[in-house]
Visitor: 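Just dropping this structure here.
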Amino acid sequence: ASSHAFTLPAPNLDAQGVDLHLAGDVAFEAKFVTGPADINPGLGPQYNNNSCNACHLRNGRGVPTVSGGAGLRSHMLVRVSMPDGEVDPQAGGTGHPEYGFQIQDHAIYGVESEAKVEIIWEEIKGAYADGVEYSLRKPNLVLRKPDGSVIADVQTSLRQPPPVFGLGLLEEVPESLLMELGDPDDKNNDGISGRPNMVWSKSLSKMVIGRFGWKSNQPDLYQQTASAYVGDMGVGSPGYPDANGDVEIEEDIVESAAFYARSLAVPSSRLSSARGRKLFKTAGCDACHTPVLFTGSSKWEFLADQEFAPYTDLLLHDMGEGLADGRPDYEASGSEWRTSPLWGIGLTQTVAPGATYLHDGRARTLAEAILWHAGEGEASATKFKEMTAADRAGLLAFVETL
């Protein structure tokens, strides 16, 4: 339970697995620079940050910094697409003719960035049933071209980096189990209608269930990692060249970084109370934040046939207009989001002080994150609002132990 809580290898790795993990750690931390260079060339020419670790701080969340702020780098990024036009079936949307599917808000020397990102925070006041007041904040996004003009007529989605530990277990959950957890037509009439996102797998050349990303738009860790190299850093790899068609790293580097995320250990849960667990269930949180999942067979022995507690169903849920970005992503609508895993969430501030919650970093606390739940999560948010102060504290204390 320290600032390195998310940095340890899975405890059941064999010696070879530990070696692969440590090599992946080097790849994950590698800082890319402008070419030509002897070590890690290929940054940009336009990019968001210069390493995996630079956004996923100690493998946890990022902090809500953007290029229009005071920092030299951005932890957050902006997905973009066009509201009309031909949908690219292998990308899940209609790319912008100039920016593609992501704004790259930094650039190497002598090159202009695509845009600068500004966030104007809007405070929204509210109160619990017992009269205790709270304040939520909503981000209003402004994209400015290098000449200062505003980019308009484009769908946008502000995203912050999620934690990357335990992803190997999520990758190995059988599709059959995820389909079983889904209830797209809400046949049991509980108000919850989760469903998987079907996305393009480049390696399999077919549509499969998505697992990673805020809208489950990536099918596996290799594709997620390769896409991040080229999208976030402008570093091309085989099958994922950069904007100029260049390839700066080979498949083994991508696989090494992917294996690092695949083999990161999940921190142990801390001591929790039966009362807090009951409050979590009474509020209906476990309807989407499924406590226990299982892996099936796997080519990685340390991931095969495991029972684990991520508190997610990996499914899409409609979270209402308050959280909606209005931007579809494959089969995910503008108001649907993947259930975020809750494991390790109580160590967020220990690992990265100032890190925030939800897809766009709007929630400064776990309580704010719950209060933003609407749509399929509205009943749970309402029950949370109606709890006594002691029960609210008990529920939050339980979540922080996961």
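Heavy atoms only: backbone and side chains are in, while hydrogens, waters and symmetry mates are out.
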Visitor: Any salt bridge linking D130 with R392? Criterion: basic side-chain nitrogen under 4.0 Å from a carboxylate oxygen.
Guide: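 Between R392 and D130 there is a salt bridge, with a charged N closer than 4.0 Å to a carboxylate O.
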
Visitor: Whether the E123 and S135 side chains hold a donor-acceptor pair (N or O, under 3.5 Å, no angle test) is what I'd like checked.
Guide: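 There is such a pair between these side chains.
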
Visitor: If we ignore hydrogens and angles and just use 3.5 Å, is the side chain of N12 paired with the main-chain N or O of F302 as donor and acceptor?
Guide: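 Yes, N12 side chain to F302 backbone: donor-acceptor pair under 3.5 Å.
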
Visitor: Looking only at heavy atoms, what is the nearest atom pair of R262 and E255, with distance?
Guide: NH1-OE2, 2.9 Å

Visitor: With a 4.5 Å cut-off on side-chain heavy atoms, are Y128 and M387 touching?
Guide: no

Visitor: For a quick check under 3.5 Å, do S237 and E251 share a side-chain donor-acceptor pair by atom type?
Guide: no

Visitor: For T339 and D313, what are the C-alpha separation, side-chain angles and deciding distance, and is it a side-chain hydrogen bond (donor to acceptor under 3.5 Å, both in side chains)?
Guide: CA-CA 6 Å; T339 304; D313 57 10; 2.9 Å; yes

Visitor: Tell me whether R144 is salt-bridged to E118, with the criterion being a basic N under 4.0 Å from an acidic carboxylate O.
Guide: yes

Visitor: Would you say the side chains of H106 and S113 form a donor-acceptor pair under 3.5 Å?
Guide: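 Absent: no donor and acceptor within the cut-off.
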
Visitor: With a 4.0 Å cut-off, would you call K145 and D147 a salt bridge?
Guide: no

Visitor: Taking the six-membered ring for Trp and the single ring otherwise, decide whether the centroids of Y260 and H21 are under 6.0 Å apart.
Guide: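 Yes, ring centres under 6.0 Å apart.
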
Visitor: Does a salt bridge link R275 with D391, judged by any charged N lying under 4.0 Å from a carboxylate O?
Guide: yes

Visitor: Cut-off 3.5 Å, side chains only: do N217 and N197 have a donor facing an acceptor?
Guide: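 No.
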
Visitor: Identify which one of D325, D318, D329 satisfies the salt bridge (charged side-chain N to carboxylate O under 4.0 Å, His left out) criterion when paired with K215.
Guide: D325

Visitor: Considering residues, nucleotides and ligands other than D38, do more than 12 of their heavy atoms fall under 6.0 Å from its CG?
Guide: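 It does not: D38 CG has 12 such atoms or fewer within range.
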
Visitor: One thing to verify: whether D186 and R195 come together as a salt bridge, which I'm taking to mean a side-chain N less than 4.0 angstrom from a carboxylate O.
Guide: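 D186 and R195: not salt-bridged.
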
Visitor: Would one find more than 12 heavy atoms of other residues, nucleotides or ligands at under 6.0 Å from atom CD of E175?
Guide: yes

Visitor: Give the minimum heavy-atom separation between V80 and Q102, together with the two atoms involved.
Guide: CG2-N, 3.7 Å

Visitor: Are E321 and S335 close enough that a side-chain donor and a side-chain acceptor fall under 3.5 Å?
Guide: no

Visitor: Would the distance check show the side chain of E112 and the main-chain N or O of P146 forming a donor-acceptor pair, the cut-off being under 3.5 Å?
Guide: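 Checking the backbone N and O of P146 against the side chain of E112, no donor-acceptor pair under 3.5 Å is found.
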
Visitor: Does either side chain, that of Q155 or that of S81, offer a donor lying less than 3.5 Å from an acceptor on the other one?
Guide: yes

Visitor: So does D14 have more than 12 non-hydrogen atoms from other groups sitting under 6.0 Å from CG?
Guide: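 Yes - once you tally the heavy atoms of other residues, nucleotides and ligands closer than 6.0 Å, there are more than 12.
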
Visitor: Let's go through W343 and F308 carefully: what are the C-alpha distance in whole Å and the side-chain angles of both, what is the deciding distance for ring pair (Phe, Tyr, Trp, His ring centres under 6.0 Å) to 0.1 Å, and is it a yes or a no?
Guide: CA-CA 10 Å; W343 53 7; F308 60 103; 5.8 Å; yes

Visitor: Just checking, is any N or O donor in the side chain of Y47 or D105 under 3.5 Å from an acceptor N or O on the other one?
Guide: no

Visitor: The test is ring pair (Phe, Tyr, Trp, His ring centres under 6.0 Å); show your working for Y311 and F280 and say whether it passes.
Guide: CA-CA 11 Å; Y311 287 83; F280 185 83; 5.7 Å; yes

Visitor: Taking atom types as modelled, is there a side-chain donor on T7 or R58 under 3.5 Å from an acceptor on the other?
Guide: no

Visitor: In sequence, state the C-alpha distance, the side-chain angles, and the governing distance for S201 and Q223, and then conclude on side-chain hydrogen bond (donor to acceptor under 3.5 Å, both in side chains).
Guide: CA-CA 8 Å; S201 167; Q223 185 165 316; 4.6 Å; no

Visitor: Can you establish whether the number of heavy atoms outside K138 located under 6.0 Å from its atom NZ is more than 12?
Guide: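 Not more than 12 within 6.0 Å, no.
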
Visitor: Do N140 and E122 have a side chain donor and acceptor closer than 3.5 Å?
Guide: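 Yes, side-chain donor-acceptor contact under 3.5 Å.
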
Visitor: Looking only at side chains, do N53 and S51 share a donor and an acceptor under 3.5 Å apart?
Guide: no

